[in-house]
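Worth saying up front: this structure is predicted, and the values here are computed from it rather than measured. Numbers here are sequence positions counted from 1. Whatever order the structure lists them in is the order used to number ligands and atoms, beginning at 1.
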Amino acid sequence: MPSHDVLIIGAGLAGQRAALAAAGAGASVAVVSKVHPVRSHSVAAAGGINAALNPGDSWESHAFDTVKGSDYLGDQDAIEIMCRQAPEEVLYLEHIGVTFHRSEDGHLGTRAFGGASQARTFYVADITGQAILHVLYEQLMKHSGQVDRYEEWFTTDLLRDDDGHCVGAICRNLRDGRLEVFDAKAVILASGGAGQVFKPTTNGLIVTGDGIAQAYRVGAKLMDMEMVQYHPTTLAENGFLITEGARGEGAWLLNARGERFMEKYAPNKLDLASRDVVSRAAQTEINEGRGFPDGTVALDITKVPRKRTLEALREIVNIGRDFAGVDITREPIHIRPGMHYIMGGVKTDSFGETTVPGLYAAGEVACVSVHGGNRLGANSLLDTLVFGRRAGEHAAGRAKRMPMPSTPSSRVADAEETIAAIIRRPAGGRRIAAIKDELGTTMNRYCAVFRDAEGLAEAQEIVRRLKEEAPKAGIDDRGTVFNQDVIAAIELGYMLDVAETILVAAQERKESRGAQFRTDFPERNDEEWLKHIDVSLGDGGVPTVDYSPVTITRWEPQERTY
Ligand SMILES: Cc1cc2nc3c(=O)[nH]c(=O)nc-3n(C[C@H](O)[C@H](O)[C@H](O)COP(=O)(O)OP(=O)(O)OC[C@H]3O[C@@H](n4cnc5c(N)ncnc54)[C@H](O)[C@@H]3O)c2cc1C
């Protein structure tokens, strides 16, 4: 039975950074990932990572932009930590081999990004996530004496002892279907976001909210779950992302009349206002009939010199050509707001500790909360790395004080029975894919850029019904080797839990702030709603809501204009 000081679930940027930090602090580490680590969704990150490193920039300016971007819901103590530590983190990456773009004079070069008062986004063309992920993986190899990698292992459950401490997890080896108890003195969830709860989404098929649901099921609090980011520029057909880096390089948003509509909504920052503002503007143009018949507006990347596009935005040149049949260097491409990121997640302090002792969370699965109501572009990679490192170090410190737990292997029996019950399901019932499809389109219809009480209640009803249908959905593969049907059935359960918590929180927040725009409560209401909504699993499996205060250190809420 594997036993380690620190068990990390997830091997994207947060998980790998946590692993390096925990190993550096002397812990023995296990990293479990349901896909090969370099296929983790961080690989898709395109535009870059923020840090106030340039002369004339300051962490205070970065922090203020982040607080304002969050619509004052972000916790300012955590934002201060992230922005202060950003330069060190980017330099660490550069020193271990990330080939960040350099300007003509040989210095690290930056591009502009949304909601930022300065160009402070460091990047590797438009493959920044891939570049960082591969370099971190190389570093993990160097620590192979201390870090055991469990690649293509799927965590099904978190384990708690009689005192309520998290003491490990149950994981399934996808290659042969074997389940094992992993004992650990501390567990770090780094299992990413929940994009697949929505359809379409910019997130890959593996981003199914596993960690959020697993933590919720063992009693951890979730926070800010209503805050779901719609990115302004995604392809209508499939949700693929056209990075904000395009607008950072100078691309314009245009409606079907050829008007640069952001002049109306954000006269100062225009196309580089924060994402919630730009998405609402684009959606308003579409809803009010100034979009194209396919329900889109246009992004005109021809404003960027062609040579620069081919050099700095080459992935979206490929995406435009391969998935929309458009040469973005020569003509505008049709885009619309699409689900991209979840600001909410497992509630943590600034060391990644959740409300369950021994359980940490970092990266998109977590809510520190540095993004509050709206994440600034290029702040997520930073969040994964800064708080991944802090969680890794803190968990290693905890491990030094704890004896190694020993969960009886009989605990595997429950998990085995859950899987056996999935495999025994009679053929028939609705397909898992059909239920997932209905879930995604429902969330995208009722819980998107604009929301109201009626739509949210309708969505909740549908999710309740889908929760009843899901356990009866039949599967085809009854084998043990790479059985993706079984995994899909388990993931569907996670996604339904996550959807339910999002809807509960979105109904609870009766105001408009950040990504949550309620057409029935169109104003921000600091008096009543300058607070976090926490959701936890109540009696009878029903989500219960309570509140926690927003930490304000130095930036009092102001009217937010761009
Ligand atoms: C298209 C796109 C572009 C983006 N561009 C940027 C950008 O330019 N800048 C920026 O700051 N942010 C960007 N983001 C956001 C950012 O990429 C993500 O928020 C971030 O990479 C998430 O990292 P993570 O480590 O938390 O999770 P992930 O990288 O998603 O890793 C999750 C890990 O958990 C594992 N896992 C999940 N469930 C299980 C389970 N049950 N058992 C075992 N393992 C499991 C997975 O295998 C994976 O290893 C972008 C996002 C997208 C979708």
Side-chain angles (χ1 to χ4, degrees), residues 7-19 31-51 86 111 113-114 121-133 136-137 149-158 169-174 182 188-196 201-204 206-214 229 231 233-234 239-245 248 275 315-316 319 338-343 345 361-366 371 375-385 387-388 391 487 490-491 494:
L7 168 64
I8 299 173
I9 300 167
L13 291 186
Q16 293 201 30
R17 188 68 186 90
V31 184
V32 176
S33 173
K34 67 181 176 181
V35 296
H36 187 281
V38 297
R39 294 189 61 218
S40 301
H41 203 60
S42 293
V43 79
I49 175 169
N50 288 335
R111 62 164 49 122
F113 242 66
T121 302
F122 295 86
Y123 63 96
V124 183
D126 54 354
I127 56 160
T128 311
Q130 181 183 335
I132 301 174
L133 195 64
L136 289 185
Y137 192 64
R149 300 188 315 278
Y150 296 85
E151 298 171 356
E152 297 178 324
W153 282 69
F154 183 91
T155 302
T156 58
D157 301 272
L158 298 173
I170 296 178
C171 305
R172 175 176 162 100
N173 185 343
L174 294 176
F182 282 62
I188 303 178
L189 276 173
S191 43
Q196 287 289 317
T201 170
T202 62
N203 292 198
I206 57 173
V207 188
T208 47
D210 305 12
I212 299 177
Q214 288 165 356
Q229 178 163 81
H231 191 293
T233 58
T234 71
F240 279 22
L241 181 78
I242 303 296
T243 173
E244 190 167 294
R275 283 184 184 167
E315 271 311 299
I316 58 165
I319 289 175
M339 191 282 173
H340 181 57
Y341 182 87
I342 179 155
M343 273 71 75
E364 197 170 333
V365 68
H371 309 302
R375 169 175 75 85
L376 291 190
N379 262 356
S380 172
L381 295 189
L382 181 60
D383 167 14
T384 63
L385 295 163
F387 292 103
I487 298 305
I490 298 172
E491 288 173 342
Y494 297 146

Undergrad: Ligand 1 versus Ala190, non-hydrogen atoms closer than 4.0 Å: side chain, backbone, both, neither?
TA: backbone
Undergrad: Side chain, backbone, both or neither: which part of Val35 comes within less than 4.0 Å of ligand 1 when only heavy atoms are counted?
TA: both
Undergrad: Could you find the nearest protein heavy atom to atom 47 (O) of ligand 1 and give me its residue, atom name and distance?
TA: Ser33 OG, 2.8 Å
Undergrad: Give a yes/no on ligand 1: does Arg375 have at least one heavy atom closer than 4.0 angstrom to it?
TA: yes
Undergrad: Could you walk me through whether Tyr341 and Arg275 pass side-chain contact (heavy atoms from CB on, under 4.5 Å), step by step?
TA: CA-CA 11 Å; Tyr341 182 87; Arg275 283 184 184 167; 5.7 Å; no
Undergrad: Could you check atom 35 (C) of ligand 1 against the protein and tell me its nearest heavy-atom contact, residue, atom and distance included?
TA: Gly10 CA, 3.5 Å
Undergrad: Without swapping roles, check the side chain of His41 against the backbone of Gly204 for a donor-acceptor pair under 3.5 Å.
TA: yes
Undergrad: Closest non-hydrogen protein atom to atom 8 (O) of ligand 1, residue and atom name please, with distance?
TA: Gly47 N, 2.7 Å
Undergrad: Have a look at Ser40, Ser191, Pro37, Gly377 and point out the one with the heavy atom closest to atom 36 (N) of ligand 1.
TA: Ser191
Undergrad: Closest non-hydrogen protein atom to atom 11 (O) of ligand 1, residue and atom name please, with distance?
TA: Leu381 N, 2.7 Å
Undergrad: Is the closest heavy-atom distance from Gly193 to ligand 1 below 4.0 Å?
TA: no
Undergrad: Check each atom of ligand 1 against the heavy atoms of Ala11 and keep those under 4.0 Å away; list them by number with element.
TA: 33 (C), 48 (C), 49 (O)
Undergrad: To check your reading of the model: name the closest protein heavy atom to atom 38 (N) of ligand 1, its residue, and the distance in Å.
TA: Asp210 OD2, 3.2 Å
Undergrad: Indicate yes or no for a side-chain donor-acceptor contact from Thr233 to the backbone of Ile242 under 3.5 Å, with no hydrogens or angles considered.
TA: yes
Undergrad: Contact between Asn379 and ligand 1, counting heavy atoms under 4.0 Å?
TA: yes
Undergrad: Is it true that a side-chain atom of Glu152 and a backbone atom of His36 form a donor plus acceptor pair closer than 3.5 Å?
TA: no
Undergrad: With a cut-off of 4.0 Å, which atoms of ligand 1 are near a heavy atom of Ala44?
TA: 1 (C), 2 (C), 3 (C)
Undergrad: Roughly how far, to the nearest 0.5 Å, is CD1 of Ile487 from CZ of Arg172?
TA: 5.5 Å
Undergrad: Would you check the N or O atoms of Ile9, main chain and side chain alike, for any that come under 3.5 Å of an N or O of ligand 1?
TA: no
Undergrad: May I ask you to decide whether Arg375 forms a salt bridge with Asp383, counting only side-chain N to carboxylate O separations under 4.0 Å?
TA: no
Undergrad: Leu158 vs Ile9, test: side-chain contact (heavy atoms from CB on, under 4.5 Å). Steps then yes/no.
TA: CA-CA 10 Å; Leu158 298 173; Ile9 300 167; 3.7 Å; yes
Undergrad: Please report the interatomic distance CD(Gln229) to OG(Ser380), rounded to the nearest 0.5 Å.
TA: 9.0 Å
Undergrad: Please check: side-chain N/O of Asp126 versus main-chain N/O of Ile316, any donor-acceptor pairing under 3.5 Å?
TA: yes
Undergrad: Do side-chain atoms of Thr243 reach the backbone of Ala46 as a donor and acceptor pair under 3.5 angstrom?
TA: no
Undergrad: Nearest 0.5 angstrom please: Glu151 CD to Arg39 CZ, how far?
TA: 12.0 Å
Undergrad: OG1/Thr128 to CD/Glu315 distance, rounded to the nearest 0.5 angstrom?
TA: 11.0 Å
Undergrad: Of all the atoms in ligand 1, which lie at a distance below 4.0 Å from a heavy atom belonging to Leu241?
TA: 1 (C), 2 (C), 3 (C)
Undergrad: Hey, is Leu13 one of the residues with a heavy atom under 4.0 angstrom from ligand 1?
TA: yes
Undergrad: Ignoring hydrogens, just give me the one of Gly388, Ser380, Gly12 whose non-hydrogen atom is nearest atom 16 (C) of ligand 1.
TA: Ser380
Undergrad: When you measure from the side chain of Asn203 to the backbone N and O of His340, does any donor-acceptor pair fall under 3.5 Å?
TA: yes
Undergrad: Is the shortest N/O to N/O distance between Ala46 and ligand 1 below 3.5 Å?
TA: yes
Undergrad: Could you tell me the separation between the CD1 atom of Ile188 and the CG atom of Leu7, rounded to the nearest 0.5 Å?
TA: 9.0 Å
Undergrad: Which ligand 1 atoms does Tyr341 reach within 4.0 Å, using its non-hydrogen atoms?
TA: 19 (O)
Undergrad: Which of these, Ser42, Ala45, Ala169, has its nearest heavy atom closest to atom 22 (C) of ligand 1?
TA: Ser42
Undergrad: Distance under 4.0 Å to a non-hydrogen atom of Gly192: what atoms of ligand 1 satisfy this?
TA: 26 (O), 27 (O), 30 (O), 32 (C)
Undergrad: With a cut-off of 4.0 Å, which atoms of ligand 1 are near a heavy atom of Thr202?
TA: 53 (C)
Undergrad: Looking only at protein heavy atoms, which one is nearest to atom 42 (N) of ligand 1, and how far off is it?
TA: Thr155 N, 2.8 Å
Undergrad: Considering only the protein, which heavy-atom contact is closest to atom 30 (O) of ligand 1, and what is its distance?
TA: His41 CB, 3.4 Å
Undergrad: Considering heavy atoms of the protein only, find what lies nearest to atom 25 (O) of ligand 1 and give residue, atom and distance to 0.1 Å.
TA: Ala14 N, 3.0 Å
Undergrad: Could you list which atoms of ligand 1 come closer than 4.0 Å to a heavy atom of Thr384?
TA: 20 (C), 22 (C), 23 (O), 26 (O)
Undergrad: Any non-hydrogen atom of Trp153 lying under 4.0 Å from ligand 1?
TA: yes
Undergrad: Is the ring pair Phe154/Tyr494 parallel, tilted or perpendicular, if the boundaries are 30 and 60 degrees?
TA: parallel
Undergrad: Taking distance alone, with no angle check, do Gly48 and ligand 1 share an N/O pair under 3.5 Å?
TA: yes
Undergrad: Number the atoms of ligand 1 from 1 as they appear, then name those within less than 4.0 Å of a heavy atom of Gly363, with their elements.
TA: 26 (O)
Undergrad: Test your reading of the structure: does His340 have an N or O sitting under 3.5 Å from an N or O of ligand 1?
TA: no
Undergrad: For side-chain contact (heavy atoms from CB on, under 4.5 Å), just list the numbers for Thr384 and Glu364, CA-CA rounded to whole Å, side-chain angles, deciding distance to a tenth of an Å, and then say yes or no.
TA: CA-CA 7 Å; Thr384 63; Glu364 197 170 333; 5.8 Å; no
Undergrad: From Leu385 CG over to Ile49 CD1, what is the distance, rounded to the nearest 0.5 angstrom?
TA: 5.0 Å
